[in-house]
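Numbered from 1 within each chain, the chains take letters A, B, ... in sequence-line order. Note that this is a predicted model, so its numbers are computed, not measured. Computed over heavy atoms, backbone and side chain alike; hydrogens, waters and symmetry mates excluded.
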Amino acid sequence: MNKVRVRFAPSPTGGLHLGGIRTALYNYLFAKKYMGDFVLRVEDTDQTRYVKGAEEYIIDCLNWCKISPDEGPHREGEYGPYRQSERKSLYKEYAEQLVKLGHAYYAFDTPAEIETMRETLKGQGKDNLQYDYRVRFNMKNSLSLSPEETEALLKINFPHVIRLKIERDEFVYFKDMIRGDIEMSTNGLDDKVLLKADGMPTYHLAVVVDDYLMKITHAFRGEEWLPSAPIHVLLWKYLGWEKHMPEWAHFPLILKPDGNGKLSKRDGERLGFPVFAMEWNDPVKGEIKGFKELGFLPEAFLNMLAMLGWNNGTEQEIFSLDEMIDQFSIDRIHVHGAKFDFEKAKWYNHEWIKKSSVERLEHDVKKIFEKKGVSVSDEEQFGSIIELIKDRCTLLTDFWEQGHFFYNSPSEIDTASILSKWNENKNQFFVELIRTYSLLPSWKSVELENTFKEIAAASHLKPGELMLPFRIMLVGGKFGPGIFDIASLLGKTETIKRIEHTLSLLNQKI
RNA sequence: GGCGCGUUGGUCAAGGGGUUAAGACGCCUCCCUUUCACGGAGGAAUCACGGGUUCGAAUCCCGUACGUGCUACCA
């Protein structure tokens, strides 16, 4: 059996969204499972939609997700070039071969003429406005023109395209690895343009030629391609490559969480969640944040994406990339689309943060702190802080909210919550606490707690009544992990400083 | 409109003739915690509809409805 080769073939037209990454992921998983190659092919045949920087961005996203392609424009293999625009001359050759074989023809119609044809059809009450077997002999093409006329037009380089001649009343059969046997009539198909007037191929020609030349064994793509699959199957046949045709699989779509339709790039801003993997600097709309910037771990992002359309049949929901490679199978991919749920996406991230080691998180969290103007000097303390708070962080960015008070003393202190039940006894307790704490030989969480409780008992106060004030003194409000853990990590000097500070605030207010 | 593909709680889903129809997210209650989370225990909530086939259908067949995709010199 041939070596498995799959490809991810995005168009460099802007940010890479969820669906794109998932397609890349499934391709990657399949390739790695069968020790095959994962190829990146840039489908930049539409010059009008080309966006500068999009290609590099796509590669950056794949790298962030750790599903980097084995071959691509950034890493040439033996099947390059990997940009379709650089393969332009190849396609023409095959398109002309199809003309010679009688499966395609030159068409010289201007856009206006095609528009007229559609208007006429509409006028006749037809609702099928396609350029197909019903109208092609009335149009200006090498089928309706004499060979001499055609030759003359080609000679003066009259703008033209090459169209596939779709025969009527034929049936195309093919097998989809997810959906099984599929049969479609050619009657609904139009004579697709194969080669555009600018000499660039359309997707239909390019995908077949490139998959053949790049020795692709399995062609996976979104479900939106299913209706045009017969065109591709026909092309494989007409070009005489039928024996080399890849196996097909069409992935279900990712749908909008609210109403209807597939998730689009616009839905993110409308619904308040990211749709791109990473921040995309749109030339028109400016910066659009991605999952990365929002604080997602790539492991979680991929895990979430994988489960949106696939599972291994067990209750397991958390998978590492390696586990996914091990467990993946195309036939367990679902056949229907799934609505994207941002809440569930966050849940995956939370799970991944909880199970990640300090070593794994350190670097990312440090960058977030640095962005906020805090430079971490004590690595060991920082690690302990991460360990202490990671269970309460859903996003990486939550580490700041949960941990900033270790580095900055609270700018606002919720004295109101203390004041309502404040009295001289409590004040005395904290004065005594400062005195005792400052004499403490070691500064461990348990000892701090024991000492605290002993003094409370001696003062005839319930520790519970004192812990909330203590918490507010140290962090400013009613939040955060265990208060003695906080004090322990804060250190003696800082702890005492914060108690004194709040005490003086309280005295002013009484 | 035509053609294709779908349809299990609000969402993601397991299940493919006999099940009390798993599990997860979210929501609610309680426990733990004298903060908030985490964790633990419970709860509400589902087989689109109508016909068949069958002793028996969420599971098979047909129809309808609904959803979704395609119907470009875009991918």
field: A:Glu315 or A:Phe340, whichever maps to the more 5' nucleotide of RNA chain B
entry: A:Phe340

- prompt: Between A:Trp310 and A:Met467, which has a closest nucleotide on RNA chain B that is more 5'?
  reply: A:Trp310

Quickly work out the [X] [atom1] to [N] [atom2] distance and round it to whole Å.
X        : N     : atom1 : atom2 : value
A:Asn187 : B:G1  : CG    : C1'   : 16 Å
A:Ile231 : B:C73 : CD1   : C1'   : 14 Å
A:Leu255 : B:A13 : CG    : C1'   : 15 Å

- request: Taking side chain to side chain donor-acceptor pair (under 3.5 Å) as the test, write out the residues that go with A:Tyr203, two or more places apart.
  value: A:Arg221

Would you call [X] and [Y] a side-chain contact if the rule is heavy atoms closer than 4.5 Å?
X        : Y        : answer
A:His250 : A:Ile178 : no
A:Ile166 : A:Asp132 : no
A:Glu167 : A:Tyr133 : no
A:Leu294 : A:Thr397 : no
A:Ile330 : A:Tyr26  : no

Please pick, from [options], the nucleotide with the shortest atom-to-atom distance to any side-chain atom of [X].
X        : options             : answer
A:Val193 : B:C38, B:A13, B:C73 : B:C73
A:Lys196 : B:U11, B:A14, B:C73 : B:C73
A:Lys354 : B:C38, B:A14, B:A72 : B:C38

Does [X] come within less than 4.0 Å of [Y], counting only side-chain N to carboxylate O?
X        : Y        : answer
A:Asp341 : A:Lys344 : no
A:Lys478 : A:Asp414 : no
A:Lys355 : A:Glu299 : no
A:Glu223 : A:Lys262 : no

Restricting both atoms to N or O, compile the protein contacts to nucleotides 18-20 of chain B shorter than 3.5 Å, with distance only.
none

- prompt: With A:His350, which residues qualify under ring-ring contact (aromatic ring centres under 6.0 Å, His included), at least two apart?
  reply: none

message: Using the ring-ring contact (aromatic ring centres under 6.0 Å, His included) criterion, which residues pair with A:Tyr50? Sequence neighbours excluded.
response: none

Using a 4.0 Å heavy-atom cut-off, does [X] contact any base of the nucleic acid, only the sugar-phosphate backbone, or nothing at all?
X        : result
A:Lys346 : nothing
A:Ser11  : sugar-phosphate
A:His250 : nothing
A:Ala197 : base
A:Gly222 : nothing
A:His204 : nothing
A:Thr48  : nothing
A:Gly309 : sugar-phosphate
A:Asp176 : nothing
A:Leu194 : nothing
A:Pro481 : base
A:Arg221 : nothing
A:Lys126 : nothing
A:Met307 : sugar-phosphate

Listed pairs, N/O of protein and of nucleotides 2-5 of chain B, under 3.5 Å:
{"from": "B:C5", "atom 1": "O2'", "to": "A:Arg179", "atom 2": "NH1", "distance (Å)": "2.6"}
{"from": "B:C5", "atom 1": "O2'", "to": "A:Glu223", "atom 2": "OE2", "distance (Å)": "3.3"}

Pick the [atom1] atom in [N] and in [M], then give their distance to the nearest Å.
N     : M     : atom1 : value
B:C30 : B:G18 : C1'   : 37 Å
B:G23 : B:C55 : C1'   : 32 Å
B:G52 : B:A45 : C1'   : 31 Å
B:C49 : B:C31 : P     : 40 Å
B:G6  : B:C62 : P     : 13 Å
B:C27 : B:U11 : P     : 16 Å
B:G63 : B:C28 : P     : 45 Å
B:U35 : B:G42 : P     : 24 Å

message: Quiz question: going by heavy-atom distance under 3.5 Å, is there a donor-acceptor pair between the base of B:A72 and the side chain of A:Lys192?
response: no

task: Measure from NZ or CZ of A:Lys354 to the centre of the six-membered ring of A:Trp352, then state whether that distance is under 6.0 Å and the direction lies within 45° of the axis.
output: no

- line: Stems for RNA chain B (at least 3 consecutive Watson-Crick or G-U pairs, under 3.5 Å) come to B:1-7 with B:65-71, B:10-12 with B:23-25, B:27-31 with B:39-43, B:48-52 with B:60-64

- request: State whether A:Thr45 places a side-chain N or O below 4.0 Å from either non-bridging phosphate oxygen (OP1 or OP2) of B:A75.
  value: yes

query: Where does the angle between the aromatic ring planes of A:Phe174 and A:Trp248 fall among parallel (under 30°), tilted (30 to 60°) and perpendicular (over 60°)?
result: perpendicular

